[in-house]
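Below you'll find the structure, written out as structure tokens, and then a few comments.
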Amino acid sequence: MTPEVLEKYLPHSTGSLDSSVDPGSDWVTDADLHDVANELGGEWEQVGAYLGLKHAKIQQCKLQYPTDVHQQIFSMLQKWRDLHSLDNQKEHLADAIRKAEKGSLADELLLHKHM
């Protein structure tokens with residue numbers, strides 16, 4: 001794969017290619033986060049808490065994008081991903097989504113490498 005293709009599989013949106021990231025790994029991509037943000041809905045703050053984000057970080061996302069809920073959710077998910085470089089990011093995110101009673105969204109995240 002070319003560096004441009006691999007770029008979309010980066011675990012962080014830093015703009016630099018991390019050669020340790022396997023495109024088939026369990027890292028969460030920006031595309032995954034956008035897909036989750038599109039489907040999450042009103043439970044997003046609860047998911048943030050289940051992911052271990054402090055209330056202040058969640059509120060920061062709301063204040064940063066007061067009229068764009070999708071961007072609030074996406075920003076929250078990015079903050080979580082950037083703070084937690086877990087090997088099993090998708091599983092961890094799916095668990096938090098399941099706890100918020102959005103099991104079908106969690107299943108979709110895990111079943112589709114590229115939602």
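Predicted model, so just to flag it, every value in this text is computed and none were measured.
For the side-chain contact (heavy atoms from CB on, under 4.5 Å) with R98, the lone residue among L109, L105, L110 that qualifies is L110. The residue from K99, Q46, M76 that alone fulfils the side-chain contact (heavy atoms from CB on, under 4.5 Å) condition with L51 is M76. For the side-chain contact (heavy atoms from CB on, under 4.5 Å) criterion with D68, the lone passing option out of H70, Q72, Q64 is H70.
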Worksheet item: Between T29 and D32, does a side-chain hydrogen bond (donor to acceptor under 3.5 Å, both in side chains) hold up when you go through it step by step?
Response: CA-CA 5 Å; T29 65; D32 293 328; 3.2 Å; yes
Item to complete: May I have the step-by-step check of side-chain contact (heavy atoms from CB on, under 4.5 Å) for E43 and E101, ending in yes or no?
Response: CA-CA 9 Å; E43 297 84 2; E101 303 195 18; over 6 Å; no
Discussion item. The test is side-chain contact (heavy atoms from CB on, under 4.5 Å); show your working for F74 and V36 and say whether it passes.
Written reply: CA-CA 8 Å; F74 181 72; V36 169; over 6 Å; no
Discussion item. Could you walk me through whether L77 and L93 satisfy the side-chain contact (heavy atoms from CB on, under 4.5 Å) test, starting with their C-alpha distance in whole Å, then the side-chain angles of each, then the deciding distance to 0.1 Å, before giving a yes or no?
Written reply: CA-CA 9 Å; L77 293 169; L93 178 55; 3.8 Å; yes
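Note that the NZ atom of K90 and the CD1 atom of I97 stand 11.0 Å from one another [nearest 0.5 Å]. If you take CD on Q60 and OG on S75, they are separated by 7.0 Å, rounding to the nearest 0.5 Å. Atom NZ of K102 and atom CD of E108 lie 11.0 Å apart (nearest 0.5 Å). With rounding to the nearest 0.5 Å, the separation of CH2 in W80 from CG in L53 is 9.0 Å.
For the pair Q89 (side chain) and V28 (backbone), a donor-acceptor distance under 3.5 Å is present. Within the 3.5 Å criterion, the main-chain N or O of E91 finds no donor-acceptor partner in the side chain of N88.
Both V47 and V69 are assigned to one and the same hydrophobic cluster, defined by single-linkage of ILVMFWY side chains at heavy-atom distances under 4.5 Å. Y50 and L83 are not part of a single hydrophobic cluster, where members link through side-chain heavy atoms under 4.5 Å apart.
Classification of K62 and E45 as a salt-bridged pair holds, one side-chain N sitting under 4.0 Å from a carboxylate O. K79 and D82 are not joined by a salt bridge, as no carboxylate oxygen comes within less than 4.0 angstrom of a charged side-chain nitrogen.
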